[in-house]
Amino acid sequence: MNTLVNYQVEAGLALIGLARPPVNALGQPLRAAILEACERAAADPAVQAIILHGARGLFCAGADITEFGSPASFAAPDLPGLLVRLTQIDKPLIAAIGSLALGGGLELALACGYRIGEPKTRVGLPEINLGLLPGAGGTQRLPRLLGAQAALNMMISGQQVGAEQALMLGLLDRVTDSAEGLLDEACAYARELLAIRAPARPADRYANPGIELADDFFASYRAENEPRWKSRLAPRLVLAAVEAACVLPLDQGLARELSLFKQAEDSAQSQALRHVFFAEREAGKVPGVEASTPIRAINKVAVIGAGTMGGGIAMNFANAGIPVMLLEREAEALDRGLAQVRKNYEISVKRGKLSSEQLEQRMALFTGTLDYAEIADADLVIEAVFEKMEIKQQVFRTLDEVCKPGAILASNTSSLDVDAIAAVTRRPQDVIGLHFFSPANVMRLLEVVRGKATAPDVLATTLKIAKRIGKVAVVSGVCFGFIGNRMLEPYNREAHRMVLEGATPAEVDKVLTDLDLNMGVLTMTDLAGVDVNFLVRDANRAAFARDSSYYRIGDELYALGRYGQKTARGFYLYEGRERKEDYEVVALAERIAGELQVQRRPISTQEIHDRCLFMLINEGIQLLDEGIALRSGDIDLVWINGYGFPGHVGGPMHYAEQLGLDKVLAGIEHYRQSLGAYGELWFQPAPLLQRLVAAGKTRIERI
Ligand code: 3H9
């Protein structure tokens, strides 16, 4: 028998256990094995009912994502066809869902007439996160089981549902008391079904899944959500498929689903999101960190600085159930910090994301202190004080004095030299950068900055803890700004410079938001603070010495006290949540341009696009060449999770590959020539980009 499934017949029941590690992905070989096993059971007169289960607990994580975009994805037996065949078997099929049934895995369970789970079972249709829709009957069978609205919610959110809720929704028929008892109870359930001569498949609960919906439901759903979806294709396709489930008979609905699925699978958006999926898994693989690398225990965390950043960082640990101590210099600042944390949790309670009881549980994990001696036994200390080298070094000297041996000492610096911070301690091997992004309790990115002396177990431990607190961790080497902020620099530079050359801030930003970025770079500057930008710049004037003309506008906005959103004036004017263009900024740009003799002219959207993005891409490629970033996928993760780059565009590196590396290089060379001395100075193609194009490569990699 096939090694991908375990096949066993016990007292009239065929037990078919999926056994393709690590997650029973339904690649062609497993599909073939399931079909073969099910046909065997169907044909065996000794078998009265069939139980499908995951041989190692986990039921199935869905279609094999590595097959998408290749002929293997629909190689016979294809998943939709296989599942139709299962629905035709005239013996009851029971899915015994262990820990997880996702995507095609849940569709496999839906093709079974009956489903039983255990307390830890989680089910979901996360295809939308891959730019796809369920393509093996999910969009048609789930609405017939739950009704269109509940099914649509699951598919549009892509979120997993726990056993209790799945039972309530009718997705599971039963839930066992324990994971261990799942298979036995599935057998008992099968016998009960046989005893009452239950049909192989019960009738659809919703013969007409859209019966409870208003006539204009789909049109208004689309209209309401399209602004949020921006140019994303997958939600629109999900909606179209569910609409089909409401108006077409099953066989026609399945055909419609299949054609929509193929459209999604072929799309550049899905390709980008699949790239992101694998990039996230790759990011955890870091040279020098092996499965055997020891991990230090992290049971208590301390955060130095109870400002917005410190408080936000601390919340991550409390959310994961880890006690955390906030340290401040003044009692007032500490109280303010703790009060802000409580306020943040209260907002979650108001939004229904947290219960009042959970709020109290989390607050109970916080302690405040003014005394360094009290953090002596912390396993991990994260410094989040003012972004100035001398201040940070002073904190680290103190940490070196008070912290227990083996404690990990981390800095949340966003740009400073982690090695210089480590150098003031007697334990540089224990020092690492952990750069959280604001708001730190919300943003998924964590840049993990590996210093030259950082010990492998310190790195391994921080990667592990990052996963525990739900962050996407990306390892960066030490340089000014690490991966994210160093790339931000040329991207920001072009935006500032084009405002001098004649574009308005809104024109610059619109090109970026039209690409589905969460916000344009100048709106982002206003949000982060024109003052913050100024202070970072001011602390690093040497790095900007080659030509700081383009930042004159930022410097002058700072001098005018236009700090951005916080002062309701920056590159824009703010009235409440509304952002408006400001002619004063245009006048300011005109004046500075005059003084610097920068010719003002209309700037095309193409030019805005190319200058901002090609410079961003160029810097990313340079970082890869320098070894600051390990992989181009890591760079994409930084920009998607830290800077609002859309996942369905795939991050700047993937985007460059889609555009064509030769086009990016040609664009950079074009502006090098057409922008005079400014172009000469800044539009220097990264040598790696030149090498890649010369070698005819289409992917960004180190060569
Ligand atoms: C679908 O089903 C389409 C159908 O509707 C229609 C078809 C016609 N395929 O994440 P982990 C690998 S679309 C291939 O590190 P965790 C993963 O790459 C699919 N490989 O572990 C990694 O490999 P490696 C809908 C997969 O415990 C290893 O497994 N399903 C797949 O943190 C471990 O993964 C989804 O979108 C896959 N489907 O999380 C579910 N899944 O060791 C996607 C995982 O070489 N998967 N791998 O790096 C997940 O969400 C998580 O992986 C899961 C486990 C929660 C399952």
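Small disclaimer: the values here were computed from a predicted structure and weren't measured. Remember, it's 1-based here, ligands and their atoms both numbered in the order they're listed.
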Colleague: Does E280 reach ligand 1, in the sense of a heavy atom lying below 4.0 Å from it?
Modeller: no

Colleague: Only one of Q269, R232, H648, K230 forms a side chain to side chain donor-acceptor pair (under 3.5 Å) with D516, so which one is it?
Modeller: H648

Colleague: For atom 38 (N) of ligand 1, is the nearest protein heavy atom under 4.0 Å away?
Modeller: yes

Colleague: Tell me whether Q149 contacts the main-chain N or O of L213 through its side chain, where contact means a donor paired with an acceptor under 3.5 Å.
Modeller: no

Colleague: Can you give me the closest heavy-atom contact between L132 and S270, atom names plus distance?
Modeller: CD2-OG, 3.4 Å

Colleague: Should we say atom NZ of K464 is surrounded by more than 12 heavy atoms from elsewhere, each under 6.0 Å from it?
Modeller: no

Colleague: Out of curiosity, is K467 lining ligand 1, as in a heavy atom under 4.0 Å away?
Modeller: yes

Colleague: Does D457 come within less than 4.0 Å of R296, counting only side-chain N to carboxylate O?
Modeller: yes

Colleague: Tell me, with the steps shown, if E107 and L26 meet side-chain contact (heavy atoms from CB on, under 4.5 Å).
Modeller: CA-CA 11 Å; E107 291 174 299; L26 293 161; over 6 Å; no

Colleague: According to the interplanar angle, ranging from 0 to 90°, do the rings of Y221 and W229 count as parallel (below 30°), tilted (30 to 60°) or perpendicular (above 60°)?
Modeller: tilted

Colleague: Yes or no, since that's all I need: does a protein heavy atom fall within a distance strictly under 4.0 Å of atom 27 (O) of ligand 1?
Modeller: no

Colleague: Regarding K285 and E282, does a basic nitrogen lie under 4.0 Å from an acidic carboxylate oxygen?
Modeller: yes

Colleague: Does any N or O atom in G104 lie less than 3.5 angstrom from one in ligand 1, N or O only?
Modeller: yes

Colleague: As an exercise, identify every atom of ligand 1 less than 4.0 angstrom from a heavy atom of E107.
Modeller: 4 (C), 5 (O), 6 (C)

Colleague: Can you confirm whether N225 sits close enough to P235 that some side-chain heavy atom of one is under 4.5 Å from a side-chain heavy atom of the other?
Modeller: no

Colleague: Around atom CG of D251, are there more than 12 heavy atoms from other residues, nucleotides or ligands closer than 6.0 Å?
Modeller: yes

Colleague: When you measure from atom 50 (O) of ligand 1 to every protein heavy atom, which one gives the shortest distance, and what is it?
Modeller: L102 CD1, 4.0 Å

Colleague: If you count the atoms of ligand 1 from 1 in the order shown, which ones are under 4.0 Å from a heavy atom of F278?
Modeller: 18 (O)

Colleague: I need the contact type for P126 against ligand 1. Using non-hydrogen atoms and a strict under-4.0 Å cut-off, is it side chain, backbone, both or neither?
Modeller: side chain

Colleague: Counting only non-hydrogen atoms of the protein, does one fall under 4.0 Å from atom 10 (O) of ligand 1?
Modeller: yes

Colleague: So for ligand 1, is A63 a polar contact partner (N or O within less than 3.5 Å, distance only)?
Modeller: yes

Colleague: Taking atom 20 (N) of ligand 1 as the point of reference, which of L108, L26, D64 owns the nearest heavy atom?
Modeller: D64

Colleague: For atom 22 (C) of ligand 1, which of Q160, E257, R281 has the closest heavy atom?
Modeller: R281

Colleague: Classify the ring geometry between W639 and Y643 as parallel (under 30°), tilted (30 to 60°) or perpendicular (over 60°).
Modeller: parallel

Colleague: Which atoms of ligand 1 have any heavy atom of G103 under 4.0 Å away?
Modeller: 2 (O), 25 (C)

Colleague: Working note: R362 + L354, criterion side-chain contact (heavy atoms from CB on, under 4.5 Å); need CA distance, chi angles, decisive distance, verdict.
Modeller: CA-CA 10 Å; R362 293 195 189 173; L354 205 70; 3.3 Å; yes

Colleague: Using a 3.5 Å distance criterion without hydrogens, assess whether the side chain of R699 forms a donor-acceptor pair with backbone atoms of E657.
Modeller: no

Colleague: Using a strict 4.0 Å cut-off to heavy atoms of P134, name the atoms of ligand 1 that fall inside it.
Modeller: 5 (O)

Colleague: Is it the case that ligand 1 has an N or O less than 3.5 angstrom from some N or O of I65?
Modeller: yes

Colleague: Which residue and atom name correspond to the protein heavy atom nearest atom 31 (C) of ligand 1, and how close is it?
Modeller: V23 CG2, 3.7 Å

Colleague: Heavy atoms only, cut-off 4.0 Å: how does K285 contact ligand 1, side chain, backbone, both, or neither?
Modeller: side chain

Colleague: Which is closest to atom 19 (C) of ligand 1 in terms of heavy atoms, T66, L125, L130?
Modeller: L130

Colleague: May I ask whether P22 has any heavy atom positioned less than 4.0 angstrom from an atom of ligand 1?
Modeller: yes

Colleague: Can you confirm, on distance only, whether ligand 1 has an N/O atom lying under 3.5 Å from any N/O atom belonging to G135?
Modeller: yes

Colleague: Heavy-atom distances under 4.0 Å decide this one: backbone, side chain, both or neither, for A61 against ligand 1?
Modeller: both

Colleague: Check ligand 1 against G62 and write out every atom of the ligand that is under 4.0 Å from a heavy-atom position of the residue.
Modeller: 2 (O)

Colleague: Atoms of ligand 1 less than 4.0 Å from E127 heavy atoms?
Modeller: 1 (C), 2 (O), 3 (C), 4 (C), 5 (O), 13 (S)

Colleague: Could you tell me which atoms of ligand 1, counted from 1 in the order shown, lie closer than 4.0 angstrom to a heavy atom of L100?
Modeller: 55 (C), 56 (C)

Colleague: Tell me the protein heavy atom at minimum distance from atom 43 (C) of ligand 1, and give that distance in Å.
Modeller: F277 CE1, 3.5 Å

Colleague: Go through L171 and L110 one step at a time and tell me if the side-chain contact (heavy atoms from CB on, under 4.5 Å) criterion holds.
Modeller: CA-CA 8 Å; L171 237 174; L110 289 171; 4.0 Å; yes

Colleague: Just jot down the ligand 1 atoms closer than 4.0 angstrom to any heavy atom of F261, in number order.
Modeller: 6 (C), 7 (C), 8 (C)

Colleague: Indicate, as side chain, backbone, both or neither, the part of E282 found under 4.0 angstrom from ligand 1 when only non-hydrogen atoms are considered.
Modeller: neither

